[in-house]
Amino acid sequence: MAIDPICGMNVDESTRWRSTREGQTFYFCCEHCLHKFEAGGDTQDAPQQLVTLGEAPEKKSCCHGDHHDHAGHTHGGKKNSQSTAKYICPMCEGVESETPGDCPKCGMALERNQPAGRQTKTIYTCPMHPEVRQDHPGSCPKCGMDLEPETITTDEEEHDPELFWMTVRFWVAAALTLPVFALAMLPMVGIPTGIPPEVARWIQLVLSTPVVVWCGWPFFVRGVKSIMTMNLNMFTLISIGVAAAYLYSLLATLVPSAIPEHFRHGGEVPVYFEAAAMIVALVLLGQVIELRARKKTGSAIRELINLAPPTARLVENGEEREVPLSEVSAGQELKVIPGDKIPVDGEVISGSSSVDESMITGEANPIAKKEGDTVIGGTVNQSGTLRIKATNVGEDSVLSQIVQMVGQAQRSRAPIQRLADTVSGYFVPAIVGIAVLTFIIWSIWSPAEPRLAYALLNAVAVLIVACPCALGLATPMSIMVGVGRGAKAGVLVKEAAGLETLQQVDTVVVDKTGTLTEGKPKLTQLQPANEFSEEDLLKYAAAVEQNSEHPIGRSIVNGAKDREMAIPEATDFDSTTGQGVQATVDGKKIVCGKPSLLKEHGVEFNAEGSPEGTTVYLAVDGTYAGSLVVSDPLKSSTQGAIQALHEMGIRVIMMTGDNPKVAEAIAKKLNIDDYQADLSPQDKHDRIQKLRDEGAKVAMAGDGINDAPALAAADVGIAMGTGTDVAIESAAITLMGGDLNGVVKAFRLSHRVMRNIKQNLFFALVYNGIGVPIAAGILVPIFGMNALLNPMFAAAAMSFSSVSVIGNALRLRATNLTG
């Protein structure tokens, strides 16, 4: 233990806050004390003495006035394991405290900090209008829908107050509307109720009023707001239609003498309480079904969040204990036993195992892990016990970044959405105009009496049947479900525009190294000569190359180790830059390298290099012993992926910085349409730009820093998830797997999402194109009055249109991207 020279607190020397002055290392309790020290701040002249564990030294207060809750802090000589402070300053970085109070720097009140990976404030947004964002619940000013949390932060589905109250209102509406419907409809089909018409009218008024006023209240609130803000939407039409039917019936019941003769039928004034109540009940039913379906669109993110286990096995001072995941900080040691989920991103420090990464990468085969390998939080340890050092936790973890990217993409807007937005902008005013025109036409030219009653009913039916909600939901629902489905298959979409553009792509440009190939040189061929065997050839080559740091030499040594060969010692080692190496092995003079080096030592042979890699030649005591080929092997999935792209009608072009011979061999082997070799990053960028200028729609797949310019130049950049952050940032789509199969999945996802969107837009537009004219009575001249659309059936059809759009979008959750 040491003492903070600024505040005098006891500090564990493992803290990351440290500084050196005049050859002496000082340790600090927090970043604030470190900055103060490095800025030349006054110290308490506290000696950097060690504090023996078990002692009870005098407790000192930190400069912030509170004991913090940070790794490295100690209170009375005991280290606190919790890694996240409970209170922080929103303005000043590094100010943290266990208890509430004021910031010592700026005086602002400290705010409660959330566990790692959680937001301090929940942002609410509209699923149809993602540009609407606020930090509290409410309804969208444009479409009237309740705003939803922007980020799902819980393991289980949270209580949804909108769904709860819509469900309650629906059941109340259903219970009260049923007798109203019976009282109105039974006499019309010849079934007497035994209740006088005047009494039945009052019963309908009493029962339908709470349905319209209380159960339908959310619709009226949203409808009025839409008119006040001139963001006309479905609730504008519903509120006008229901209000018209109910207020007319209310007036007819309370003051029947005020109703014109043209509304009367047989001297009686008809009322439409059943229509008003039934419309509210059916719209509520549609809302409940829609809300339940919309909740399923967040299932992909919720499944991703659930990948992270709630706890981790923390190892400290040789002791193991289980702690909440939020208490794990970078640098701590964790134990992961077989069958456990790996809690955070980390590096294996001991042990070996196979890890199932399919839930992150979409690849089914387990990945072998050993000391020095990295592991991803949320993946499953299968066979052996691992000790890992936590590297990325909370919001920095791969899993958290995936969740963030998926959420962002689900809220993004595809260009095709502009069509729906444009249509919706004119739709509601047009429907109101059609309803007014319908009322005028029927009030003058109705073929049956009472004309004004028919005019009112048909105008209400027009208002109710026209549902712009289905049109507005068509694109965002497909995007939300499709992006979530892609994430489960290891295809991360950064924005919906990239997904839409991808389905227009006709040319895919791929890098070679790391995309088509493994990206790591390996010993792939042994070609012994004369009396030498493959074992002799590899033994001598590995022995002489074990002292070399060249990647090709290391590949040869690794090839021998993979075959579990015993590698003999080499003496008299010598290296000739750019030529090769030589040494003495088992008393024999070994020369290994280029043909020119062997010929300098008097070895004559016919050098035939392999076009697929680098050929290394070997001589033993002046006799040619054979050659070894080191190449970057193709990934096992590459051939099938290119064939799948060809079957989609997509041209595949390879652009590589490798030499033309290697590029030509790989292009022929994979049946690639075209290849270009020996290219610089700028060359790749320029070639892709040229392809686009020639009219091609180009997608680029790559994984290295040198691919970033090309990824940015393409219509759609596809970064292999095994690549660099620069490449991933430059791409619209990121593949968590490192092979070309992910590109095939991305294309399939794009085509199916866009097809789903077009289906939804077709349903919505055709539905309205058919429903509105029927509601206005266009079929009456042909089929008579029986062709009229009752407002109740119009409400049912309107609700069905929205539900059908969402149901169609949800089909994407089950789409198979592997075939």
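Worth knowing before you read on, the calculation uses all heavy atoms, side chains too, and leaves out hydrogens, waters and symmetry mates.
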Kindly indicate whether the side chain of [X], heavy atoms from C-beta on, has any atom under 4.5 Å from the side chain of [Y].
X	Y	value
N381	K369	no
N671	I642	no
S533	P528	no
V348	K370	no
L334	V328	yes
L691	V509	yes
L735	L740	no
Q639	L634	no

Has [X] got a side-chain atom pairing as donor or acceptor with [Y]'s backbone, closer than 3.5 angstrom?
X	Y	value
R387	I349	no
T524	V629	yes
D632	E518	yes
S750	L499	yes
E327	P324	no
R687	M655	no
S354	Q382	no
Q546	A543	yes
T734	A719	no
D673	I653	no

Calculate, to the nearest 0.5 Å, the distance between atoms [atom1] and [atom2] belonging to [X] and [Y] respectively.
X	Y	atom1	atom2	value
D373	E371	CG	CD	9.5 Å
I666	T517	CD1	OG1	6.5 Å
H685	L711	NE2	CG	11.0 Å
K512	T638	NZ	OG1	11.0 Å
E545	R554	CD	CZ	9.0 Å
L670	Q643	CG	CD	11.5 Å

How far apart are the closest heavy atoms of [X] and [Y], and which atoms are they?
X	Y	result
L817	A489	CD1-CB, 3.7 Å
V481	A809	CG1-O, 3.4 Å
T615	S627	CG2-CB, 3.7 Å
A541	L618	CA-CD1, 4.1 Å
Y675	A667	CD2-CB, 3.6 Å
G351	L386	C-CD2, 3.7 Å

query: Do D562 and K522 pass the salt bridge (Lys or Arg N to Asp or Glu O under 4.0 Å) test, and can you show the C-alpha distance, the side-chain angles, and the key distance before you say yes or no?
result: CA-CA 11 Å; D562 290 342; K522 289 185 179 179; over 6 Å; no
- request: Output, in order, the C-alpha distance, side-chain angles, deciding distance and verdict of side chain to side chain contact (heavy atoms under 4.5 Å, CB included) for V510 and V743.
  value: CA-CA 10 Å; V510 294; V743 177; 5.9 Å; no
Criterion side chain to side chain contact (heavy atoms under 4.5 Å, CB included) on V630 and I556, from CA distance to verdict: CA-CA 8 Å; V630 174; I556 292 173; 4.0 Å; yes
query: Does D340 pair with R313 as a salt bridge, N-O distance under 4.0 Å?
result: yes
- request: Begin from the C-alpha positions of I342 and V355 and carry the test side chain to side chain contact (heavy atoms under 4.5 Å, CB included) through to its verdict.
  value: CA-CA 9 Å; I342 295 172; V355 175; 4.0 Å; yes
- request: Evaluate side chain to side chain contact (heavy atoms under 4.5 Å, CB included) for V344 paired with N392, printing each intermediate quantity in order.
  value: CA-CA 7 Å; V344 297; N392 297 320; over 6 Å; no
- request: Kindly state each residue pair satisfying salt bridge (charged side-chain N to carboxylate O under 4.0 Å, His left out) with at least one member in residues 533-542, sequence neighbours excluded.
  value: none
